[in-house]
Amino acid sequence: MINLVIFGPPGAGKGTQSTRITSHFDLFHISTGDIFRKHVKEETEIGLRVQSYLNAGKLVPDDVVIEILGKTIDQETSANGFVFDGFPRTINQAEALDKMLSQKGMQIDIVISLVADEETLIHRLLRRANLEGRKDDTQKVIEERLNVYQKQTKPLIDYYDKQDKLSEIDGIGDIDEIFEKRTKPVIEKTLKQQS
Ligand code: AMP
């Protein structure tokens, strides 16, 4: 059992690395952004509640996110471990996650922090806008999301560093190479230490 947080600003490559980690190590991928986008698309009650936050690039209130995340973990009783992608995004969420996991005899084992400069992030997000047509990948909303990251999410680096769980990874370069040469070895090392 290994539980990971994939951490980083919008455009750092969290989703891409999460997909590779999940399939290579046979883990369960939880992307709160994907969960919310699905709700919005299906126009569920949650979808209608969170839509305006997503469109504006603001964070969905902690209580809503924490409840959804708790339900997802509870449903996946047979998972070998989780890859948390886009969660936690506030200290409050991180504390709630630690509490939820410890109640199940689990913990976050490693936090992979993907690092990229702002110019690269904006460039990637604008390119993704053309490819995927995400509503929040416009210049204005991208700027807001980067702002929100700096103010509300970045303090988590210190939170996980204090717990000695943080591994910084250079998120610039070829996607496969980032996984093979940077992300995978860090996870393998943690697994080795566990055994
Ligand atoms: P993402 O796909 O991770 O970039 O998330 C897209 C949007 O979903 C964010 O801009 C937020 O509006 C919302 N969201 C996703 N995860 C969270 C979270 N952990 N806390 C609050 N809002 C979130």
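Scope of the values below: all heavy atoms of this structure, side chains included, with no hydrogens, waters or symmetry mates. Both ligands and their constituent atoms are indexed starting at 1 by order of listing.
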Does Asp136 reach ligand 1 with a nitrogen or oxygen that is under 3.5 Å from one of the ligand's nitrogen or oxygen atoms? no
For residues Leu166 and Ser113, report the shortest heavy-atom separation together with the two atoms involved. CD1-CB, 4.0 Å
Which bit of Val65 gets closer than 4.0 Å to ligand 1, counting heavy atoms only: side chain, backbone, both or neither? side chain
Output the list of atoms in ligand 1 that are nearer than 4.0 Å to some heavy atom of Arg134, sorted by atom number. 1 (P), 2 (O), 4 (O), 6 (C)
Distance-only N or O hit between ligand 1 and Asp34, under 3.5 Å: no
Looking at Lys38 and Asp34, is any side-chain nitrogen of the basic one under 4.0 Å from a carboxylate oxygen of the acidic one? no
Return yes if a side-chain donor-acceptor contact under 3.5 Å exists between Thr190 and Asp109, otherwise no. no
Mind telling me whether Phe7 and Tyr149 have parallel, tilted or perpendicular rings, with 30° and 60° as the class edges? tilted
re atom 7 (C) of ligand 1, the protein heavy-atom contact at minimum distance is Leu54 CG, 3.8 Å
Atom 20 (N) of ligand 1: closest protein heavy atom, distance to 0.1 Å, is Gln93 NE2, 2.9 Å
May I ask you to identify the nearest protein heavy atom to atom 11 (C) of ligand 1, giving residue, atom name and distance to one decimal place in Å? Lys58 O, 3.5 Å
What protein heavy atom sits nearest atom 16 (N) of ligand 1, and how far off is it? Thr32 OG1, 2.8 Å
Atom 6 (C) of ligand 1: which protein heavy atom is closest, and how many Å away? Arg37 NH1, 3.6 Å
Minimum non-hydrogen distance to atom 5 (O) of ligand 1, winning option of Lys14, Arg89, Arg145: Arg89
Should Gly86 be counted as touching ligand 1, given the test is an N or O pair under 3.5 Å? yes
Determine yes or no for a side-chain-to-main-chain donor-acceptor pair under 3.5 angstrom, with Lys14 supplying the side chain and Gly8 the backbone. yes
Using atom types as modelled and distance alone, determine if a side-chain donor or acceptor of Arg182 lies under 3.5 Å from a backbone N or O of Glu177. no
For residues Met106 and Ile187: do they belong to one hydrophobic cluster (side chain heavy atoms under 4.5 Å, members Ile, Leu, Val, Met, Phe, Trp, Tyr)? no
Do Thr32 side-chain atoms and Gly86 backbone N/O form a donor-acceptor pair below 3.5 Å? yes
Among protein heavy atoms, which sits nearest to atom 22 (N) of ligand 1, and what does the distance come to when rounded to 0.1 Å? Val60 N, 3.0 Å
Going by the atom numbers of ligand 1, which of them fall below 4.0 Å from some non-hydrogen atom of Phe36? 13 (C), 14 (N), 15 (C), 23 (C)
Closest heavy-atom contact between Asp85 and Gly15? OD2-CA, 3.5 Å
